[in-house]
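Encoded as structure tokens, the structure appears first; notes follow it.
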Amino acid sequence: MKLSVIGCGYLGAVHAASMVELGHDVVGIDVDPEKIEMLNSGNAPFFEPGLPEILRSALASGRLRFTTEISEARGAGAHFIGVGTPQKKGEYAADLTYVDSAIDSLIPYLADGDLVVGKSTVPVGTAERLAKIIAAGSGAILAWNPEFLREGFAVKDTIEPDRLVYGVPAGNDGIRATEILNRIYSRAIANETPLVVTDYATAELVKVSANAFLATKISFINAMAEIADATGADVTQLADAIGFDARIGRRFLNAGVGFGGGCLPKDIRAFTARAEELGRGESVAFLKQVDAINLRQRDRVVQMVVDALGGNVYEKKVAVLGLAFKPFSDDIRDSPALDVAVRLHGLGANVVATDPEAIANSRKLHPQIVFADDSVDALVNADVIVVVTEWNEFRALVPGDVSKLTAGRVIIDGRNCLDPESWRAAGWTYRGLGRP
Ligand code: UGA
């Protein structure tokens with residue numbers, strides 16, 4: 001099929017290239033000329049494993065191109081909306097400006113029977129509102145098809161999704177929308193990927209509730225880590241033990257400095273804001289606790305560093321290992337790791353931070369921090385080390401080798417990703433979150 005993808009950020013760029021991989025002919029559209037130029041030359045504007053490869057092969061096939069011209073969406077049978085829905089400035093609600101303007105600018109180029117497919121994460125009720133605008137301005141149909149990809153695994157998650165959700169209108173339009181989406185995702189359908197066909201509101205809610213559930217799971221284990229710290233229990237063993245219960249499951253039970261990124265934090269806030277608008281604020285009020293527990297972990301990690309340095313970090317060298325909100329990503333949006341680095345710098349520490357992928361983005365936002373290109377430079381003469389993103393190269397540090405570089409012998413494991421025994425055996429003071 002001929003497809004257009006509007007918005008070429010983390011979601012849209014991956015979606016555009018992946019749809020070519022699935023056999024379609026795609027035009028990717030974005031208002032940012034620099035991004036479009038990069039994509040057209042086969043370079044991903046952000047770090048995402050596997051994206052450059054599929055981008056280049058898609059461009060070489062002649063079935064993918066990128067443009068800033070929305071008029072080039074004309075002729076595509078389905079148009080994916082993958083623009084951002086960030087947190088509003090000064091409010092917790094989602095900012096829908098980009099979604100609204102994408103729809104407005106697309107309408108003149110829609111033909112009768114075209115399908116507009118919303119992929120952006122939006123507050124429940126948005127699709128119904130947009131469907132009316134689309135119907136008033138064209139003969140196109142709207143479907144809401146939330147995206148569940150994880151950064152770092154975005155290509156795989158898009159090509160082989162673990163489930164498909166279609167929010168479609170009632171009646172014949174809904175049948176037609178489902179048929180078009182089944183054609184687009186024919187490979188996943190043939191592979192018997194679970195499919196839920198539902199109404200708009202359910203599809204929108206599936207997305208935000210999935211992220212709210214994941215955020216809750218992380219904050220739950222971080223709350224247990226706080227209790228473990230107060231009692232001498234070990235949260236890692238606790239997570240293993242409760243995780244063996246198939247109803248609970250071990251994934252997303254890693255305690256540490258908490259969740260960040262462009263999705264979980266802003267999605268739970270937008271969800272509470274929307275619930276309040278609906279007069280149901282109390283239903284999801286617990287998400288405010290989830291948020292608060294999460295943010296507290298950053299305070300705890302900063303405090304652990306301060307304590308390790310005897311109560312005063314001034315002029316002490318702190319090696320901060322990690323800046324990205326998680327490994328296999330250069331994304332620093334709401335990153336707990338970057339936040340810890342910035343706060344320690346603010347307390348007067350001599351922070352030297354490093355990350356395999358996220359230095360360039362971090363430097364743009366926080367030029368006051370000193371960045372080291374590799375962990376050796378960051379570690380030299382450090383008084384304390386704090387690990388805040390669990391990249392493999394930090395996990396693989398050999399305590400005996402690190403001892404030759406640093407001035408101090410304290411390591412704060414803000415991701416509970418290191419082996420305490422091996423560090424202690426090499427003469428280090430090891431501290432994790434909720435680990436004795
Ligand atoms: C998240 C969801 O996992 C995706 O399903 C969803 O599609 C995406 O948001 C989105 O809405 O677009 P992502 O933001 O890429 O994906 O990151 P996650 O893998 O969910 O990790 C989020 C944060 O939680 C990271 O900072 C990570 O370090 C942290 N985390 C994760 C923990 O602190 N503990 C864990 O056990 C797991």
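Indexing begins at 1, ligand by ligand and atom by atom, following the structure's order.
Formation of a donor-acceptor pair under 3.5 Å by the Lys266 side chain with backbone atoms of Thr85 is found in this model.
With respect to Asp334 and Arg298, a salt bridge is recorded, a charged nitrogen being found less than 4.0 Å from a carboxylate O. Using a 4.0 Å cut-off between a side-chain N of Lys or Arg and a carboxylate O of Asp or Glu, Asp299 and Arg343 qualify as a salt bridge. With salt bridges taken as basic N to acidic carboxylate O contacts below 4.0 Å, none links Glu179 and Arg183.
Here the CG-CE distance, from Leu433 to Met304, works out to 4.5 Å after rounding to the nearest 0.5 Å.
Near ligand 1, residues Glu147, Phe148, Leu149, Arg150, Glu151, Lys207, Asn211, Leu214, Ile218, Phe252, Leu253, Asn254, Gly258, Phe259, Gly260, Cys263, Leu264, Asp267, Phe325, Lys326, Arg415 each place a heavy atom inside the 4.0 Å sphere around the ligand atoms.
Ring-plane geometry between Phe47 and Trp391 is classed as tilted, the angle between the planes lying from 30 to 60 degrees on a 0 to 90 degree scale.
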